[in-house]
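Reading through the structure tokens given below for one structure.
In this text the structure is predicted, and so the values were computed from the model without any measurement. So you know, we letter chains A, B, ... as the sequences are listed, proteins then strands, and number each from 1.
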Number of protein chains: 2
Amino acid sequence: MLTSVDADLIRALADPLRLRIVTLLAKETLCTTHLVEETGAKQTNLSNHLKVLREAGVVETEPCGRFTYYRLRPDAIARLAGQLAELADSARSAADRKRTCP
Amino acid sequence: MLTSVDADLIRALADPLRLRIVTLLAKETLCTTHLVEETGAKQTNLSNHLKVLREAGVVETEPCGRFTYYRLRPDAIARLAGQLAELADSARSAADRKRTCP
DNA sequence: TGAAAGTATCAGCACATGCTGACATCAGTC
DNA sequence: GACTGATGTCAGCATGTGCTGATACTTTCA
């Protein structure tokens, strides 16, 4: 049985800036200020994208005084990777299965 | 070293209809007519999405008379899966690496 | 050769989505 | 308690992107 690919999850990663954020967070846990420095984007803009990532379960927050740390949730990424790998496997075994022309 | 995630590839899969197409093609090779039946989408619309998938290297075409068969390229999907798995691994090992507050 | 079917391309429209500035909120510091 | 800095929320605007109808191209078949 083919587990379907999580559409919301993949859509959350499809934005260039969000992908950039995720790549940065894969190296170390950062707070919004750091991300503003690293990406050069406006704080408001980042906050919006971080909200999307949070709601998709890609990142989790940890308040630290008046700062908010953002940490990647490896399981979410790994789950998507697994779904895609499964999809690729399914495609490999179905390569020569061809429905006849109508 | 962390290989970056292919943004174009992930964007190609981020659309609901395109994800649907990819899921269908993972089971068997189909031509446009089949996809019209399966998805209920207009032929024009499907053709546009198939073009995006083709340009992203997700699918390949095989002309068969006046039909055009679409086949998934498992390597493209597997490559993305690998990139994401690597990203997840990187995030796991960097979970407690935290940049100090500014 | 003409008709029919499958497919691709194009222009126009509509909606979604990202970006921004203004403002609100909260924690720490004086 | 007032101030400052970090962060989130909201409304408005602009751009992108998907959907559609019209149309052209190609192949097959009569």
Check your understanding: Among A/V52, A/V22, A/I21, which one satisfies side-chain contact (heavy atoms from CB on, under 4.5 Å) with A/L13?
Key -> A/V22
Check your understanding: Ignoring hydrogens and geometry, is there a side-chain-to-backbone donor-acceptor pair from B/H34 to A/T100 under 3.5 Å?
Key -> yes
Sub-3.5 Å pairs of nitrogen or oxygen atoms, protein against nucleotides 24-30 of chain C:
none

Check your understanding: Hey, what bend do you get for the helix from C/dT1-D/dA30 to C/dC30-D/dG1 if you fit axes on five pairs at each end, rounded to 10°?
Key -> 20°
Exercise for review: Would you give a per-nucleotide map of nucleotides 17-24 of chain D, 5' to 3', where B means the base has a protein non-hydrogen atom under 4.0 Å away, S means only the sugar-phosphate does, and - means neither?
Suggested key: SSSBBB--
Practice item. Give a yes or no answer on whether the side chain of A/Y69 reaches the backbone of B/K98 with a donor-acceptor pair at less than 3.5 Å. Key: no
Check your understanding: Any donor-acceptor pair under 3.5 Å linking the side chain of B/S90 with the backbone of B/E86?
Key -> no
**Study point:** Separation of C/dT17 P from A/E55 CD (nearest whole Å)
**Key:** 13 Å
Point to revise | Pairs involving residues 5-25 of chain B, ordered by first then second residue, that meet salt bridge (charged side-chain N to carboxylate O under 4.0 Å, His left out) (sequence neighbours left out) | key: B/D6-B/R79
Revision key, fill the gap. Taken in chain and number order and not counting sequence neighbours, the residues that satisfy side-chain hydrogen bond (donor to acceptor under 3.5 Å, both in side chains) with B/N45 are B/H49
Point to revise | Polar side-chain atom of A/S47 near backbone of A/Q43 as donor-acceptor pair, under 3.5 Å | key: no
Revision key, fill the gap. Here the side-chain hydrogen bond (donor to acceptor under 3.5 Å, both in side chains) pairs for residues 51-61 of chain A, sequence neighbours left out, are A/R54-A/Y70, A/E60-A/R71
